Amino acid sequence: MKKRTILNKMQKLDSLPLPEKEKILAVCDAVVPEAPAEAKARPSRRRFSPRIAVTAAMMAALLLIGGGITVLANEAKQYNEAMDFFEEYNLSAEGFSRSEIKKIYRDIVSESFTYEKTEAALASGLVGYEIQSKPLDSDGLKRLWLLGYNWKTIGNQDGTEENVRYYDSYYMKYGGGGDSVIEKYQDDQKLWERKIEDIYVWETCPVQGKVLVTGMCLAEENPTNDPWVRICLLDGDSTVLWQKDIDSRMPKPQVDYVLYNRDQTFTLFTFSYYSDSMWIATIDMDGNLLSEEYVKYDSIGDNIKKVVAVGDTYLMLKGDQLMQEKDGKVKNTVDFGTETEN
Amino acid sequence: MASIKQMITDREGDRALRRLAAGDRSALGNIYDLYSRLILSVAYTIVENTADAEDVLQDTMIELVRYATRYGSGSSPRAYILTITRHIAIDTLRRRKPQTSLEEAGDRSSDDGLLEAVEVLDLLRILSEEERQAVTLHLYGGLSHKEVAKTLGITTAAAEKKYRRALAKLRQQYEC
């Protein structure tokens, strides 16, 4: 089980219901009432004695030594924090001094990106850096960092089954249409195969031991003659749990990517060569459509290799292009600061 | 290891704790907004039932107010708060009467949020108490190994070792 999987499971703690804030704060106020402002004490007029002078000198010396130790302890703490950060984000610290490592760390966490060595550190581990077509300024580095770091932290679907692969084959039927056969492999061993009728498979999405299969039905008896998106969920032993059709209202839709979300829903990214839109639809584990939207999208070119949700937007890796769904459009984000619209 | 979101939360948390120390009681509301979820969850993994976890949350907030001036600016607000939480939670465990029921997956099955949280307890049950806290504080709570060590009262090396051993146990248990 990957560390990420353990963390995902532990984040179920977030579903614990919180007590009412006002009640908690009210009890705090009742138990620890606010203290009234205290009157200032008059300074005493004691005479200064030699014994006090010696004690004061000793205390000053101790403070100086203690202060030095505190400074060293703080430096070590900052350095360790910086190294933890480098390790967390797969940045290489090689070739940097202690001081430089701390400066890079502060430069990134403060989101300044003005320190001259920061880019060299990010180049070692920042996803998307390698495909930049021109040098990045501070703003470009910052935007790439804020967008790109999620690739590593979110990962690839839910990862509950390692080394599992699904393959699909399509068999045309005499008279039109065809069936698909889904095969499941783990560690190169075939576990099962299952025929699903009247579906041309576009994408599969394995989660929690099951697999969501998406495709379209090419059968001529389809009433609109424009195939709907056909989806079905197969259990771990290949049982078809359910099969449904959803109308994307797009001609000949192709599901390019299926994203499994933390709330156990799926988001389908579907395009059509006959349309300049992408249909982004979210369904639940029972195949019910929860939400949908259409965004402007240029379907020409590579397929989408990966999608991650970042806040209320999506990042997509289309071939080698890093793109972002924003304001109803999918935009090319390769060159930060000079966004190229599709 | 802190994510950017955690760092931003902790910047705000540091400001709120300093305001509280300066006598601004309204800062407590900010602290609740920033950390109540974390306090409740960490407490829950120790006391294993929601009623006690809520009491720990309440007592942590009271402690933060009562001893507000103890917070040293520049410290980690997260580590400071979770150290208090842990101490109160362990005290709660010690004072608990033997017949207090712990939540099991079968209880309140209509409460999906609770059901999911109980699953986490089931996950962590194979760990020792310190291993459980090392994993919870570092992986879920976002504390560094050094901060975890300080919270648990052990060396950093020991904290790291407990954490790695805990991960290895969980991997071994759930890869069968």
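So that the names make sense, note that chain A is the first sequence line, chain B the second, and so on, each numbered from 1. Hydrogens, waters and symmetry mates are skipped; everything else that's a heavy atom, side chains included, is used. What you are looking at is a predicted structure, and each value in this text was computed from that prediction instead of being measured.
Counting only heavy atoms from C-beta outward, the side chains of C28(A) and R66(B) never approach each other to under 4.5 Å. At a threshold of 4.5 Å between non-hydrogen side-chain atoms, the residues V32(A) and R25(B) count as touching. Looking at heavy atoms from C-beta onward, L170(B) lies out of side-chain contact with K9(A) at the 4.5 angstrom threshold. Contact check for P19(A) versus Y32(B): side-chain heavy atoms found under the 4.5 Å cut-off.
The part of D33(B) that comes within reach of chain A is its side chain, from C-beta onward, which places non-hydrogen atoms under 4.5 angstrom from that chain. Proximity to chain B (any heavy atom under 4.5 Å) is shown, for D14(A), by both the backbone and the side chain. With a 4.5 Å cut-off on non-hydrogen atoms, L64(B) does not touch chain A at all.
The two residues S41(B) and L13(A) make their nearest non-hydrogen contact at OG-O, 3.5 Å. The shortest non-hydrogen separation linking I24(A) to Q58(B) is O-NE2, 3.1 Å. In plain terms, the two heavy atoms of S15(A) and A117(B) that are nearest each other are OG-N, 4.1 Å. When all heavy atoms of L7(A) and Y140(B) are compared, the closest pair comes out as CD1-CA, 4.2 Å.
At most 12 non-hydrogen atoms from other residues, nucleotides or ligands lie less than 6.0 angstrom from NZ of K161(B). Annotation: K190(A), atom NZ; neighbour count of heavy atoms from other residues, nucleotides and ligands within 6.0 Å is above 12.
Rounding to the nearest 0.5 angstrom, the gap separating the CG atom in L28(B) from the NZ atom in K21(A) is 9.0 Å. Going from atom CD of E20(A) over to atom CD of E54(B) covers 10.5 Å, rounded to the nearest 0.5 Å. Interatomic distance, I6(A) CD1 to L167(B) CG, rounded to the nearest 0.5 Å: 5.0 Å. Of the inter-residue distances, the one linking L25(A) atom CG with S26(B) atom OG reads 10.5 Å to the nearest 0.5 angstrom.
Between chain A and the options M61(B), E119(B), R37(B), the largest number of non-hydrogen pairs under 4.5 Å is found for R37(B). Note on L18(A), V31(A), N80(A), D29(A): by heavy-atom pairs under 4.5 Å with chain B, the leading option is L18(A). With chain A as the partner, the residue from T156(B), L139(B), T136(B) showing the most heavy-atom pairs under 4.5 Å is L139(B).
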